[in-house]
Number of protein chains: 2
Amino acid sequence: MTYQLLRLVHAMDGATNAGIHDVLTDLKITRPLADALWQLDPAAPAPSMRRMAAKLRCDPSTVTFLADRLEQLGYATRAAAPGDRRTKVLHLTAAGHAARQRLVDAATTRTPIARLTDAEQSRLHALLTRAMAAPAAADGQPERTSEDPG
Amino acid sequence: MTYQLLRLVHAMDGATNAGIHDVLTDLKITRPLADALWQLDPAAPAPSMRRMAAKLRCDPSTVTFLADRLEQLGYATRAAAPGDRRTKVLHLTAAGHAARQRLVDAATTRTPIARLTDAEQSRLHALLTRAMAAPAAADGQPERTSEDPG
DNA sequence: CAAGAAGCTTGGATTAGTCAAGTATCAGAG
DNA sequence: CTCTGATACTTGACTAATCCAAGCTTCTTG
């Protein structure tokens, strides 16, 4: 049963990615870059490189690479973090904001999930939230994971 | 709302992948190879290279590359398809079967989905199945997609 | 059989990703 | 204040993963 669910989730993800392929081409980005752009939520404080690495579950040097591309494309800029000159944060540019919006719009309208009614999506949300909720910390503290909050 | 769901699904996928990272290392495979192995369902007829490409949503030449690795690792073998010598099918070896089983076991036990009760998983299954069900073919036939059945 | 289509592989190029080492900055101990 | 060690990012070298265009073999059809 869980196996079938994983297959379904994976198929879902695949269908969503396939559905927005033309948008990626249009924005001149690849999937990993889209992932990075997706994480740059304008409503949240600009993340540090390190935080991006955690969100994307990749090596910090990979973030350097991806950030370079996003800068070349004019979608993001690096800025020194206030108070710690070691740290750099990634800011969306206006173009980046627009690109991300197109990405999010395409994904949300074309994903198979969009075929569900509001009520169904609500139930789905409840189930997934419960699954992702702080879990198995059997005895002790909730234990800061440093990654999930992305 | 749909946006939040996509984030959740993505986070789910990420958590599952992160959870089985040690198994991948142990099996000496990477994520794309694990994806390929996952698709080689022993209960289904051995898929052709082309079919694998559709399932994995990648170029046929990429399947050549992945199949090479799986053969090198002793997890799969190519065999001529009966009746069409152009076509090659990918068979799991005994070792491949075992490796795939470890992969599936790890994924199904460690995915956040496993935290849900049977009833919840059942509801989740119903929702996802409905979302993925043959969709927008507004007027006509269900229309063979040639990819989804993976 | 000839022409074209279908399926896989190869070659070349680019993108992603890892790990190890390097550079700059910060935080504490003297 | 300065040395020491940790932290944050980047660079370099290397491998993996992709794609596209070309090539070869094998069907299919006229």
Side-chain angles (χ1 to χ4, degrees), chain A residues 14 17-18 21-22 24-39 45-73 75-91 144 146-147, chain B residues 14 17-18 21-22 24-39 45-73 75-91 144 146-147:
Chain A
N17 284 324
H21 182 264
D22 59 327
L24 298 199
T25 303
D26 211 41
L27 295 174
K28 300 191 195 316
I29 60 179
T30 55
R31 188 110 61 77
L33 283 175
D35 259 16
L37 200 52
W38 179 277
Q39 295 297 341
S48 70
M49 304 295 273
R50 207 151 195 93
R51 178 135 186 68
M52 281 297 283
K55 286 187 192 218
L56 299 173
R57 295 177 200 276
C58 68
D59 195 85
S61 60
T62 301
V63 177
T64 296
F65 169 77
L66 296 173
D68 283 350
R69 295 292 169 287
L70 289 180
E71 282 198 330
Q72 284 172 14
L73 291 163
Y75 292 156
T77 56
R78 286 174 169 91
D84 187 341
R85 279 179 304 181
R86 288 173 302 182
T87 304
K88 294 175 186 171
V89 296
L90 267 183
H91 279 290
R144 221 70 226 79
S146 89
E147 31 164 347
Chain B
N17 283 326
H21 182 265
D22 59 327
L24 298 199
T25 303
D26 211 42
L27 295 175
K28 302 191 194 314
I29 60 179
T30 55
R31 187 109 62 78
L33 283 175
D35 260 15
L37 202 53
W38 180 276
Q39 295 297 342
S48 70
M49 304 295 274
R50 203 146 197 99
R51 179 136 185 64
M52 281 298 283
K55 287 186 192 221
L56 298 174
R57 297 177 199 276
C58 68
D59 194 84
S61 60
T62 302
V63 177
T64 296
F65 169 77
L66 296 173
D68 282 350
R69 295 291 169 289
L70 290 180
E71 282 199 329
Q72 284 171 13
L73 290 163
Y75 291 157
T77 56
R78 286 172 169 92
D84 187 342
R85 278 178 304 180
R86 288 173 302 183
T87 304
K88 293 175 186 170
V89 296
L90 220 46
H91 279 290
R144 221 66 230 79
S146 90
E147 32 164 347

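Every chain is numbered from 1, with letters handed out A, B, ... down the list of sequences. Here the structure is a predicted model, which is why all the values come from computation and not from measurement.
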Below 4.0 Å: OP1/OP2 of [N] and any side-chain N or O of [X]:
{"X": "A/Thr62", "N": "C/dG17", "result": "no"}
{"X": "A/Arg85", "N": "D/dA8", "result": "no"}
{"X": "A/Lys88", "N": "D/dT10", "result": "yes"}

Given atom [atom1] of [X] and atom [atom2] of [N], what is their separation to the nearest angstrom?
{"X": "B/Phe65", "N": "C/dC8", "atom1": "CZ", "atom2": "P", "result": "18 Å"}
{"X": "B/Met52", "N": "D/dT18", "atom1": "CE", "atom2": "C1'", "result": "15 Å"}
{"X": "A/Arg78", "N": "D/dC9", "atom1": "CZ", "atom2": "C1'", "result": "8 Å"}
{"X": "B/Gln72", "N": "D/dA16", "atom1": "CD", "atom2": "C1'", "result": "12 Å"}
{"X": "A/Arg57", "N": "C/dT18", "atom1": "CZ", "atom2": "P", "result": "13 Å"}
{"X": "A/Ile29", "N": "C/dT14", "atom1": "CD1", "atom2": "C1'", "result": "16 Å"}
{"X": "B/Glu71", "N": "C/dT9", "atom1": "CD", "atom2": "P", "result": "8 Å"}
{"X": "A/Leu70", "N": "C/dT15", "atom1": "CG", "atom2": "P", "result": "13 Å"}

Exercise. Hey, does B/Tyr75 have a side-chain heavy atom less than 4.5 Å from the side chain of B/Leu27?
Worked result: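 The answer is yes; the side chains approach within 4.5 Å.
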Exercise. Is the closest side-chain heavy-atom distance between A/Met52 and A/Met49 below 4.5 Å?
Worked result: no
Problem set entry | Donor-acceptor pair, side chain of B/Gln39 and main chain of B/Leu56, under 3.5 angstrom |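 No, B/Gln39 side chain to B/Leu56 backbone: no donor-acceptor pair under 3.5 Å.
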With a 4.0 Å cut-off on heavy atoms, is [X] in touch with a base, just the backbone sugar-phosphate, or nothing at all?
{"X": "A/Asp84", "answer": "sugar-phosphate"}
{"X": "A/Arg31", "answer": "nothing"}
{"X": "A/Ser61", "answer": "base"}

Exercise. Between A/Gly83 and A/Asp59, who's closer to the 5' end of DNA chain C by nearest nucleotide?
Worked result: A/Asp59
For this session: For A/Leu33 and for B/Arg50, locate the closest nucleotide of DNA chain C by heavy-atom distance; then report the residue assigned to the nucleotide nearer the 5' terminus.
Result: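 Comparing both residues, the 5'-ward one is B/Arg50.
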Exercise. The side chain of B/Met49 lies closest to which of these nucleotides: C/dT9, C/dG17, D/dA16?
Worked result: C/dT9
Exercise. Does any N or O donor sit under 3.5 Å from an N or O acceptor when you compare the side chain of A/Arg86 with the base of D/dT7?
Worked result: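 For A/Arg86, whose side chain was compared with the base of D/dT7, there is a donor-acceptor pair (under 3.5 Å).
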For this session: Please round to the nearest 0.5 Å and tell me the distance separating atom CG of A/Leu37 and atom CG of A/Leu90.
Result: 10.5 Å
Problem set entry | For B/Thr62, all residues meeting side chain to side chain donor-acceptor pair (under 3.5 Å), sequence neighbours excluded |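 Residues passing side chain to side chain donor-acceptor pair (under 3.5 Å) with B/Thr62: none at all.
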